[in-house]
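Below you'll find the structure, written out as structure tokens, and then a few comments.
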Amino acid sequence: MRRYSTAAEVDTILAGARSLHDKLSLVLDEDRSLVAANPQRFVDLADSLVGETALDDRILGARFRCNRAGALFKLARYPEAEADLSQAFTVAEQHDDPILLVDCLYTSGLLSLAACKPQDAIATLTRGISLNPDCKRRGVRLRESIGAAHIMRGEYYLALAALDEALAMIREAPVDCTLSSIYSTIGILYGFQEQHDLALEYFDLALRACRAEHNRRAEGKTLINIVASRQAAGSIGTASLSLLDEARAIAAQYKDQDSLGRVALLYSTIYIAEGNLERAEAECATALHIAESAGIPELAFHSRFQNAVIRAESGRWDEAIAAASACIELVQRLGLRRDELNTLKNLSHYHERKGDHEEALCYMKKSFALQFELNSEQTQQTTAQMQARIDLESARHQARLAEAETELARLKAERLATQVERAHGEITAKVLHLSQKNDVLRELQQEVKNALQLEKHDMRLQLRALIRKIANHLDDDRTWTQFEEQFSLLHPGFMQSLAVAYSKLTPTERKVCALIRLQLGSQDICRILGIAARSIESYRYRIRKKMGLQSGEDLDAVLREPLRAEPEPA
């Protein structure tokens, strides 16, 4: 993927494209970074291109709408994103396009997360992974989003496992514009666990990655996360305010509504701590306006909740109660149980300060009941996470065992191959030794014939010399015993099976069978056994007859295959 450094360069490239199809392909394929780094720029550019003429290519049109939906999601324009995504889904399923379908599932999972439906997001994103696209970038982003969904459900161990998988995939094959996002998600995970020092470490890593990737929009979001973590840790200072100023400028540049709303809420919280309730209320109103106009439900809830806190700080208890009451229905619809508990506790406190003790007691009872439910759910969730961790570790252990068994089998195979190679070399040496011995015997035979033609005295001397020479070669039986031992290493059980299956074979015939098994030719066998060429043919004939072979069966082939009675090698 090529990354264009400026919008002007993008315009120059597009101006050289010959057709609408080519221009859209450039936007979708060669400058995908626009979707991640500048979604508003992508939307504006794509809308202007499509406005040129009708789009006939349905697949290209669906890809465009899917990417436009992703860009609209990043701009927190969720209804428009859902409309584009619905059209892209229809085309992807009709044309059975797996890559387009994975992209649709990914964006759909993000929309489920925005709607605070983490279970739906996990199901959708897992389906995307099951399609197994070749592109590593998709696999990384799917796993990262699954991690975010598990964080929302409080399943931190499962979240970390999904994020670890994503990081492992990046290490295998670096993927553009994803490392910063994963570091941010891990930082959010530690923030939810109230490990703020670790969260800040990962947000700092994310910030460096954003700057290395030249992704200013992601840099702005990371700055917001850093300030939020510092605030949670109680270490807000002047430096944090400057980071918020920079984050607001970046969010305004890219028209990132969600980031603008979060910045406003953080400013509001800081002003509350400073006692500047007027400015806090103004920032809170800004956040609420952004949430309602952009359709960001979670931001809307937190803005309303903050609004109630501000009114309570200024002693306007009736207004605080009205604002907090308006939060209840919204937070219940979103399924944010912890936030619902905090709202109920605040309502109980507001009614008590107002002097309405009966209502305060009513909300306190509701908060206790919800606290009990949450504690029970937390216990079940902790148990489930521990079981999931045990299952995961067990699966990893089994995988390591299988890997160890595979390695052991490989080493055994290598050792066996080494033994076979050594046995083959030794038996070849024995065969050569037999051949050389027979050559010596033939020489002796010729010398005896020559001695018979000598005078009696000379003949005796010559025969004594021959006797000594023959004595040196009388270890024929030992040589064949050694041959059989080496042969058994190379072809275990062959000689025994041969003797059992064909008991009528003579020792010499069994030797012939063993030499045929070694794939030696008739001439070599004749030299080793010291017999004539016609004799080997006779041996072959008798062996075939005793083995009951038909005329069309090849003796060499039969002997080179495992015998019916031959045991399997150990």
Side-chain angles (χ1 to χ4, degrees), residues 1-3 28-30 32-33 35-37 63 66-67 70 73-74 97-110 112-113 118 121-153 155-190 198-199 201-215 217-218 221-222 225 388-389 391-400 402-403 406:
M1 179 183 72
R2 179 179 178 185
R3 180 189 300 282
L28 291 174
D29 294 333
E30 296 189 38
R32 291 288 295 265
S33 59
V35 180
R63 288 176 59 218
C66 180
N67 282 272
F73 165 79
K74 292 179 182 297
D97 188 321
I99 298 301
L100 176 57
L101 186 58
V102 168
D103 288 342
C104 290
L105 289 168
Y106 170 65
T107 307
S108 178
L110 296 181
S112 294
L113 284 174
I122 290 170
T124 301
L125 296 165
T126 302
R127 184 186 169 201
I129 288 177
S130 68
L131 294 176
N132 193 24
D134 294 332
C135 182
K136 291 283 186 184
R137 177 180 56 82
R138 291 179 175 85
V140 168
R141 289 181 174 174
L142 287 165
R143 285 168 174 81
E144 178 204 340
S145 300
I146 286 175
H150 281 302
I151 291 172
M152 191 176 289
R153 284 174 55 84
E155 298 166 346
Y156 302 127
Y157 182 76
L158 295 176
L160 196 56
L163 293 168
D164 282 342
E165 285 185 20
L167 285 173
M169 292 177 73
I170 291 178
R171 292 187 192 103
E172 291 175 7
V175 182
D176 195 27
C177 283
T178 54
L179 194 57
S180 59
S181 181
I182 292 175
Y183 284 149
S184 289
T185 306
I186 295 175
I188 291 169
L189 185 155
Y190 286 121
L198 275 174
E201 284 183 22
Y202 274 97
F203 287 138
D204 285 339
L205 287 172
L207 187 62
R208 287 199 289 271
C210 289
R211 288 168 178 167
E213 296 164 0
H214 307 290
N215 191 341
R217 182 176 177 277
K221 285 185 173 294
T222 305
N225 287 331
R389 184 169 186 169
D391 292 342
L392 184 60
E393 291 300 329
S394 177
R396 288 175 176 171
H397 179 65
Q398 292 298 325
R400 286 193 291 268
E403 186 178 347
T406 302

Locate the shortest heavy-atom distance separating [X] from [Y]; write the atom from each residue and the value.
X: Cys66; Y: Cys104; value: SG-N, 3.6 Å
X: Pro98; Y: Leu131; value: O-CD1, 4.2 Å
X: Thr222; Y: Ala206; value: CG2-CB, 3.9 Å
X: Ala121; Y: Ala149; value: CB-CB, 4.3 Å

Between [atom1] of [X] and [atom2] of [Y], what distance do you get to the nearest 0.5 Å?
X: Met169; Y: Glu144; atom1: CE; atom2: CD; value: 12.0 Å
X: Arg143; Y: Thr126; atom1: CZ; atom2: OG1; value: 9.5 Å
X: Arg217; Y: Ser180; atom1: CZ; atom2: OG; value: 11.0 Å
X: Tyr202; Y: Asn225; atom1: OH; atom2: CG; value: 15.0 Å
X: Tyr190; Y: Phe203; atom1: OH; atom2: CZ; value: 12.0 Å
X: Asp164; Y: Ile182; atom1: CG; atom2: CD1; value: 10.0 Å

Kindly say whether Leu105 contributes a backbone atom to a donor-acceptor pair with the side chain of Ser108 at under 3.5 angstrom? no

Are the side chains of [Y] and [X] in contact, using a 4.5 Å heavy-atom criterion?
X: Arg127; Y: Leu101; value: yes
X: Ile99; Y: Arg138; value: yes
X: Arg63; Y: Asp103; value: no

Does Ala162 have any side chain to side chain contact (heavy atoms under 4.5 Å, CB included) partners at least two apart in sequence or in another chain, and if so, which? Ile146

Sequence-distant partners of Leu189, side chain to side chain contact (heavy atoms under 4.5 Å, CB included), two or more places apart: Ile151, Tyr156, Ala159, Leu160, Leu163, Gln193

Worked check of side-chain contact (heavy atoms from CB on, under 4.5 Å) between Ile186 and Leu205: CA-CA 10 Å; Ile186 295 175; Leu205 287 172; over 6 Å; no

For Ser145, which of Thr107, Leu125, Ile122 qualifies under side-chain contact (heavy atoms from CB on, under 4.5 Å)? Leu125

